[in-house]
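Worksheet for the structure shown next.
A, B, ... follow the sequence lines: proteins, then strands. Residue 1 opens every chain. Because the structure is predicted, anything quoted here is derived from the model rather than measured.
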2 protein chains.
Amino acid sequence: MKKKTTDHRPAKERILDAAEQLFARRGFYGVSLRDITQAAGVDVALVSYHFGGKRELFTAVFERRAEVLNRERLELLEEVRRAALPAAPSLEAIANAFFEPLLERSARGGPGWKSYFALVAYVNNSPEFGPVMMTRHFDPLVERFIAVLREALPGCPAREVYWGYQFLTGALTLTFAETGRLDKLSGGLCRSSDLDSVRERLAPYVAAGFRALSARATAAASRTPVRAARKARRRS
Amino acid sequence: MKKKTTDHRPAKERILDAAEQLFARRGFYGVSLRDITQAAGVDVALVSYHFGGKRELFTAVFERRAEVLNRERLELLEEVRRAALPAAPSLEAIANAFFEPLLERSARGGPGWKSYFALVAYVNNSPEFGPVMMTRHFDPLVERFIAVLREALPGCPAREVYWGYQFLTGALTLTFAETGRLDKLSGGLCRSSDLDSVRERLAPYVAAGFRALSARATAAASRTPVRAARKARRRS
DNA sequence: GAATATATTCAACGACCGTTGAATCCGTCA
DNA sequence: TGACGGATTCAACGGTCGTTGAATATATTC
């Protein structure tokens, strides 16, 4: 059984789809090209022909949806920004612009998108692939978001914003990994696939977190004279 | 070059140490038994002899430090609880008891512990290993923490606490993955290996998040009559 | 010190890995 | 029709994988 039905979509895309699903489930090394091409109903050699090799296929899968996604997120961020002018947008609105396009597509964009975000979660947590691939494809976007976050947090040191972003990404990443652990843990009370629940809760959660970080920093600064603070910063 | 110096530690432990480091870096499938045994200065066949196989070695690595760790975390939680009696402990104190033993050992417990937490991060995000292994070794602990969190959040629906815990775990997990991405992103302003920075910030962040979730839930409840709320809950 | 149990080494197995080059199919254009 | 070029198939390569069984070394017991 090679194909369920005669499938006239180009083989290149079928390979990408199958690879997306399998890489997301078992990581780069947990999947063989034969697994992928068999799932795609295609000969093994076509991977080398179309992509060059296994690693190139992996990055091709990762890149395919990154561009369109980030463009949409940036546009949404600017829209949020314009709507709030001349004030800075709320932290909730910024956080929402950051993950709303992701949640929307993961929930209603079809199984390919769902797999894709699980793959991004895998890459983001991987010490091997994370630094290279995330930096290359997502850093410009992230830096723009952090800049706007800083506008919304006047007087807050940059370090705090970066840490807040780190925690935000972590929470989001685990959500996309779709391990189903929260479902088991809560006895069915929460379903991690229910991304509308995430949508409602994540923005308030991280916005409050950002405010707490900002408050903590200013409290610490007022407790410490400037010179001592400079020295402490150098020490840490 | 098999060993740097003559090493009289039992081979079984040397294998565990090497496997811990390599599994953490490249995952289960990204490491071969020959990689591990070569790093341990030991013959390949010893893995089958001592552990039975590759999968059994993987779970042995995972289990080795889990017990002692969770016992300490539970004791700390009960201590925090007793100290606050007859009131419930603060959210900050509970969150702190959850991750303080982890951060402490990751920062000052030696390279083995650091690798171990990166491995837990890998497992926690893995759709393949996460549900099985995390559930088996960490669920009793987590349920106890959630129970105490609920005491500290009177009137807060259980769902909200579970979601808050999910976000907390995600933030913690990404921190332990040690991808070094935050370092690059912040231009050296933050070092993700600086776990003291995490220690200071994570508790206020997630405590504020929990309070926001709780407030959001009670606000939503007061907006909705009881019967409609019941229906809405059944729908979702 | 012989016997026994445990630990380690060695060589090899069959299976699967990613990749390759030649052969074949098929639609396009001359 | 025939030549051509991209897409696909097929068979096979060398290498590495996890695992195994027999042989050897080391420690323990009588």
- Item | Between C1' of dT20(D) and CG of L46(B), the distance in whole Å | 13 Å

- Message: Could you check whether any side-chain heavy atom of F62(B) comes within less than 4.5 Å of a side-chain heavy atom of V123(B), counting everything from C-beta outward?
- Response: yes

- Message: Check for me whether the distance between the ring centres of F129(B) and F28(B) falls short of 6.0 Å.
- Response: yes

- Would you confirm whether the ring centroid of Y122(A) sits within less than 6.0 angstrom of the ring centroid of F23(A)? no

- Message: Tell me whether R65(B) forms a cation-pi arrangement with F117(B), defined as NZ or CZ under 6.0 Å from the six-membered ring centre and within 45 degrees of its axis.
- Response: no

- Passing candidate, salt bridge (Lys or Arg N to Asp or Glu O under 4.0 Å) with E178(A), options R25(A), R191(A), K114(A): K114(A)

- Query: Please give, in whole Å, the distance from dC10(C) P to L33(B) CG?
  - Reply: 18 Å

- Query: Contacts to DNA chain D from residues 47-58 of chain B, heavy-atom cutoff under 4.0 Å, which residues?
  - Reply: S48(B), G53(B), K54(B)

Table of protein N/O atoms under 3.5 Å from nucleotides 12-14 of chain C N/O atoms:
from, atom 1, to, atom 2, distance (Å)
dA12(C), N6, R34(B), NH2, 3.4

- Note on the structure: When rounded to whole Å, the CG to C1' distance for the pair D35(A) and dA15(C) reads 14 Å

- Message: Hydrogens and angles aside, do R159(A) and S197(B) bring a side-chain donor and acceptor to less than 3.5 Å of each other?
- Response: yes

- Query: Whole-Å distance between dT8(D) C1' and Q38(A) CD?
  - Reply: 17 Å

- Within a radius of less than 6.0 Å around CZ of R108(A), do more than 12 heavy atoms belonging to other residues, nucleotides or ligands occur? yes

- Task: Report the distance from atom CD1 of I15(B) to atom P of dA7(C), rounded to the nearest whole Å.
- Result: 12 Å

- Interatomic distance, K12(A) NZ vs dT8(D) P [rounded to whole Å]: 11 Å

- Query: How many Å lie between CG on D43(B) and P on dC10(C), as a whole number?
  - Reply: 7 Å

- Donor-acceptor pair, K54(B) side chain versus S32(B) backbone, under 3.5 Å? no

- Message: From CD1 of I36(B) over to P of dG18(D), roughly how many Å is that when rounded to an integer?
- Response: 8 Å

- Query: Between dC17(C) and S32(A), is there an OP1 or OP2 to side-chain N/O distance shorter than 4.0 Å?
  - Reply: yes

- Think R73(B) forms a cation-pi with F98(B), using NZ or CZ under 6.0 Å from the six-ring centre and within 45 degrees of its axis? yes

- Within the structure shown, what part of the strands sits under 4.0 Å from A11(A) by heavy-atom distance: base, sugar-phosphate, or nothing? sugar-phosphate

